[in-house]
Amino acid sequence: MAEAEAPMEEGDLKAEENAKGVDAEANEAPTVPGITEPGGDLDALWTCLAAFLVFFMQAGFALVEAGFTRAKNACNIIMKNLMDFAIGSLGFWLVGFGLMFGTTNGLFGTDQFMFDGASPEALAVKPNPTFNWAFLIFQTVFCATAATIVSGAMAERTKFSAYLVYSVLITCIVYPIFGSWAWGGLYTKNGWLADKGFLDYAGSTVVHSIGGWCALAGAITIGPRIGKYTADGKVKPIPGHSIPLGALGVFILWLGWFGFNAGSTTAITGGAPFAYICITTNLAAASGVVGALIASWIMFGKPDTSFTLNGALAGLVSITAGCDCLSPQWAAVAGLVGGVIVVLSCVMFDKLKIDDPVGAVSVHGVCGAWGTLAVGLFMNESGLVNSGDPTQLFAQLIGIVTAFIWAFTLSMIIFNVIKFTMGLRVTAEEEMQGLDIHEHGMYAYPAHLVTEGTSQAGHVS
């Protein structure tokens with residue numbers, strides 16, 4: 001039998017406690033002033049990296065739109081997506097950021113124009129200039145995303161000069177003012193929608209539905225492409241020229257969405273749930289693919305490639321609002337439903353003779369509304385399904401309806417003013433021969449390949 005240990009002296013006990021304290025402190029991550037503190041340089045670095053991923057989504061949008069439309073318009077598609085980002089960057093810095101995040105008068109911001117992250121006004125809000133600049137670039141790429149959604153719905157028949165005008169108005173007025181109502185509190189003070197409890201973590205409504213409803217207004221105003229609908233009302237599919245290009249674009253967008261959603265934490269310190277958000281984002285995208293696959297297979301007798309690709313985007317849009325507050329199970333459900341909705345919505349708009357070559361209104365507008373509604377239904381603890389309380393659902397509905405009324409109404413005014421002044425649509429001859437040669441003086445491919453008879457694959461309705 002071992003001998004009993006002698007009682008520990010008081011000094012020895014204190015020494016052991018001190019040693020344990022030192023060990024505990026050693027295991028804690030140190031806070032380095034200006035770096036690992038909230039809003040410090042480490043958070044700024046993550047926010048910039050996420051912004052770079054979101055910027056790369058511009059390439060994804062360009063490839064999806066170019067692949068799902070005809071070869072004779074590919075240069076025009078590339079130019080529009082290029083100008084979206086260029087105009088969006090300048091306009092948002094000059095005007096949009098101030099309207100969205102400046103000190104609000106109740107409807108929009110009134111300062112922080114030509115934003116300077118090191119100015120006394122900016123430092124009074126966030127004392128770290130590095131984080132201020134990171135916040136600007138992150139919000140800039142979001143603004144450009146909202147603008148580029150419109151391009152797809154109005155593809156193949158819009159004047160390039162008209163496109164430049166409405167891109168300015170969307171990035172400088174339509175998007176940032178609504179954004180101030182929902183997201184103004186990210187920088188200064190909550191807008192009125194946020195005060196009503198409206199939640200949209202990464203922008204199912206603020207970015208995607210706003211862009212989608214602008215696109216709907218544009219598609220209605222400009223009318224369908226020549227030959228899209230027959231005299232007896234039947235839909236004539238106009239296939240895209242390169243499904244592989246469209247598929248590459250979808251994969252790029254899927255990648256970029258990890259920056260879009262997880263980057264919306266604008267932090268990796270303090271327990272920011274960026275890894276959790278990556279999981280819910282991926283599950284919803286995968287489920288969206290499955291949902292669209294099943295829906296298209298049932299409706300068309302074949303697993304349609306273009307609809308299935310759009311299912312991934314539908315799932316991503318559907319989880320964007322609730323990526324931080326839906327469980328993985330409900331994230332998968334939200335994405336699955338989104339994948340089904342996008343197929344049904346595309347068919348519905350065709351029946352209404354609203355020509356959307358890439359399904360932008362369905363993916364972003366309709367699925368954006370669904371994703372925002374899903375927060376009110378499935379949100380952890382506060383959603384209707386989990387709590388039985390409809391309060392959050394009502395707040396979400398207010399945001400969805402407000403977004404539609406604001407973006408659709410204002411965009412209809414913008415597009416009709418352009419239509420009856422400088423003109424919105426190219427001539428029938430220019431449309432038939434292609435926007436590339438008439439608007440830009442070149443083709444994306446050898447001229448003998450850019451014809452109506454070019455061998456094309458896929459079905460984009």
Side-chain angles (χ1 to χ4, degrees), residues 53-54 57-58 60-61 64-65 81 84 88 100 138-139 141-154 170-171 174-179 181-183 193 198-219 249-250 253-254 256-264 277 280-281 284-285 288 292 310-324 326 331 334-335 337-339 341-342 345-346 349 356 358-375 396 399-408 411:
L53 283 173
V54 179
M57 290 173 69
Q58 289 293 127
F61 282 119
V64 167
E65 189 179 342
N81 281 269
D84 276 333
M100 190 165 176
F138 190 73
Q139 295 300 330
V141 293
F142 267 50
C143 179
T145 297
T148 202
I149 291 167
V150 183
S151 173
M154 300 176 67
I170 289 171
T171 55
V174 182
Y175 169 77
I177 290 180
F178 182 84
W181 301 342
W183 283 355
L193 264 181
F198 176 69
L199 297 176
D200 186 359
Y201 192 79
S204 285
T205 284
V206 177
V207 178
H208 295 283
S209 278
I210 289 295
W213 302 142
C214 292
L216 176 61
V250 168
L253 288 168
W254 195 329
W257 231 285
F258 292 117
F260 201 96
N261 284 0
S264 292
I277 290 173
T280 57
T281 298
N310 260 345
L313 305 182
L316 289 162
V317 172
S318 297
I319 193 57
T320 298
C323 55
D324 69 317
L326 267 62
V337 173
I341 286 175
V342 76
S345 178
C346 285
F349 282 119
D356 178 0
V358 303
V361 177
S362 298
V363 169
H364 301 279
V366 177
C367 288
W370 156 244
T372 308
L373 191 68
V375 173
Q396 299 305 101
I400 292 167
V401 172
T402 301
F404 178 80
I405 294 173
W406 167 255
F408 182 77
S411 295

Would you name the heavy atoms of [X] and [Y] that are closest together and state the gap between them?
{"X": "G152", "Y": "V358", "result": "CA-CG2, 3.6 Å"}
{"X": "C367", "Y": "A314", "result": "SG-CB, 3.7 Å"}
{"X": "V150", "Y": "C214", "result": "CG2-CB, 3.8 Å"}
{"X": "S362", "Y": "F349", "result": "OG-CD1, 3.5 Å"}
{"X": "A153", "Y": "V361", "result": "CB-CG2, 4.2 Å"}
{"X": "A217", "Y": "S411", "result": "CB-CB, 3.7 Å"}

How many angstroms lie between atom [atom1] of [X] and atom [atom2] of [Y], to the nearest 0.5 angstrom?
{"X": "T145", "Y": "Y175", "atom1": "OG1", "atom2": "OH", "answer": "8.0 Å"}
{"X": "S151", "Y": "N81", "atom1": "OG", "atom2": "CG", "answer": "5.0 Å"}
{"X": "Y201", "Y": "W183", "atom1": "OH", "atom2": "CH2", "answer": "10.5 Å"}
{"X": "L199", "Y": "L193", "atom1": "CG", "atom2": "CG", "answer": "11.0 Å"}
{"X": "H208", "Y": "T320", "atom1": "NE2", "atom2": "OG1", "answer": "4.5 Å"}
{"X": "T171", "Y": "D84", "atom1": "OG1", "atom2": "CG", "answer": "8.5 Å"}

Dump the intermediate steps for side-chain contact (heavy atoms from CB on, under 4.5 Å) on V250 and L313, then the final yes or no. CA-CA 7 Å; V250 168; L313 305 182; 4.3 Å; yes
side-chain contact (heavy atoms from CB on, under 4.5 Å) assessment of S264 paired with F138: CA-CA 8 Å; S264 292; F138 190 73; 3.9 Å; yes
Do [X] and [Y] have side chains that get closer than 4.5 Å, going by heavy atoms?
{"X": "V375", "Y": "L373", "answer": "no"}
{"X": "F260", "Y": "V207", "answer": "yes"}
{"X": "T148", "Y": "F61", "answer": "yes"}

Test ring-ring contact (aromatic ring centres under 6.0 Å, His included) applied to W213 and F178, F408, W406, F404, the passing residue: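 Single ring-ring contact (aromatic ring centres under 6.0 Å, His included) partner of W213 among F178, F408, W406, F404: F404.
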From CA spacing to verdict: side-chain contact (heavy atoms from CB on, under 4.5 Å), T280, I319: CA-CA 7 Å; T280 57; I319 193 57; 4.3 Å; yes
Any donor-acceptor pair under 3.5 Å from [X] side chain to [Y] backbone:
{"X": "S204", "Y": "A321", "result": "yes"}
{"X": "S345", "Y": "I341", "result": "no"}
{"X": "W370", "Y": "A334", "result": "yes"}
{"X": "N261", "Y": "C323", "result": "no"}
{"X": "T205", "Y": "I400", "result": "no"}

Can you name the residues that form a side-chain contact (heavy atoms from CB on, under 4.5 Å) with A285, not counting sequence neighbours? W254, L316
